[in-house]
Chemist: 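Take a look at this one; I'll ask things after.
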Amino acid sequence: MNRYFPCQTETLFTVIFIGALIGAASQAHAMDLVAFGQNCLKQERYLGTLKQQIDEAEFTENGSKYFYNGARKNLESYNRQINELASDLKDCQEVAPNSAYCHEIRIRYNRLIALTDRAEEKIDRRERKDNGIKPHKLFFKKQHYDEVYAQFIAICRDSNTHYQLLEDSNAYSRVCSSSSLKKTTTCSF
């Protein structure tokens, strides 16, 4: 289940975390490299979660656009065909209501009515279900992600403390103990 934290909470968390890392980075010799690495991994997981939320929201937004455009066009096409068949059906029922031609028109007309009902039902269901991140909030969430990611890279990848972590085999083995962790930004050059 996705949890969307209020922007103020995210900002507070980020400021505290980044402030702690900056303070720690300036005192690299006195700092525990393992704690630095673990904090960077936590921040990297947070960024991964944030990026996943943004990607899911973009996918939903793009999918909704395509879905609505296609569904609306289908609905318009069905309604146009129904209107064309309505006059044929009326003429047919007046002239020869029991003919094969009239029967065929009734079947096509009823199928189009059923398709129209299903299309409207799907659109209604999709509109009720569609409750993702709104486009203006998505813009700010992306902007927030970019800022936090830039700070993360500056501290957890491009800092002297990060290079010390990678060079210290004891600290590196404690922080980057699994093969999946070794693929992270924190545990690689």
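For the numbers below, each heavy atom of this structure counts, side chains included, while hydrogens, waters and symmetry mates do not. Since the structure is predicted, the reported quantities are computational estimates derived from the model, not experimental observations.
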Chemist: So which heavy atom on L181 is nearest to which on C176, and how close?
Modeler: CB-CA, 4.2 Å

Chemist: Using 0.5 Å steps for rounding, measure from the CG atom of D146 to the NZ atom of K141.
Modeler: 12.5 Å

Chemist: Would you say the side-chain atoms of R106 pair up with the backbone N or O of P97, donor to acceptor, closer than 3.5 Å?
Modeler: yes

Chemist: Would the distance check show the side chain of S159 and the main-chain N or O of C156 forming a donor-acceptor pair, the cut-off being under 3.5 Å?
Modeler: no

Chemist: Please walk me through it: do L33 and R174 pass side chain to side chain contact (heavy atoms under 4.5 Å, CB included)?
Modeler: CA-CA 10 Å; L33 293 175; R174 290 181 65 198; over 6 Å; no

Chemist: Write down the atom of A96, the atom of C102, and the distance for their closest heavy-atom approach.
Modeler: O-CB, 3.4 Å

Chemist: Ignoring hydrogens and angles, tell me if any N or O in the side chain of D168 forms a donor-acceptor pair with the backbone of Q164 under 3.5 Å.
Modeler: no

Chemist: Under a 4.0 Å N-O cut-off, is there an ion pair linking R80 with E76?
Modeler: no

Chemist: So does L89 get a backbone contact from the side chain of Y109, meaning a donor-acceptor N/O pair under 3.5 Å?
Modeler: no

Chemist: So if you build clusters from Ile, Leu, Val, Met, Phe, Trp, Tyr with side-chain heavy-atom gaps below 4.5 Å, do L75 and L85 land together?
Modeler: no

Chemist: Output all residues satisfying side-chain contact (heavy atoms from CB on, under 4.5 Å) with Q81, sequence neighbours left out; order by chain, then residue number.
Modeler: S77, L112

Chemist: Please give me the minimum heavy-atom distance between Q43 and F152, naming the atom from each residue.
Modeler: CG-CD1, 3.7 Å

Chemist: Quick one: closest heavy-atom pair of C187 and Y172, and the distance?
Modeler: O-OH, 3.2 Å

Chemist: Looking at V175, is its backbone amide N or carbonyl O close enough to the side chain of Q38 to form a donor-acceptor pair, meaning the two atoms are under 3.5 Å apart?
Modeler: no

Chemist: Are the side chain of S87 and the backbone of E84 linked by a donor-acceptor contact shorter than 3.5 Å?
Modeler: yes

Chemist: Any donor and acceptor pair, going by atom type alone, linking the side chain of S188 with main-chain N or O of T184 inside 3.5 Å?
Modeler: yes

Chemist: How far apart are the closest heavy atoms of L165 and A171, and which atoms are they?
Modeler: CD1-CB, 3.9 Å

Chemist: Measuring from atom CZ of R157 to atom OG1 of T185, what distance do you get when rounded to the nearest 0.5 angstrom?
Modeler: 7.0 Å

Chemist: Quick one: does H162's side chain have a donor or acceptor within less than 3.5 Å of a partner on I155's backbone?
Modeler: no

Chemist: For S178 and S180, does a side-chain donor sit closer than 3.5 Å to a side-chain acceptor?
Modeler: yes

Chemist: Which word best sums up how the rings of Y149 and Y145 line up, parallel for under 30°, tilted for 30 to 60°, or perpendicular for over 60°?
Modeler: parallel

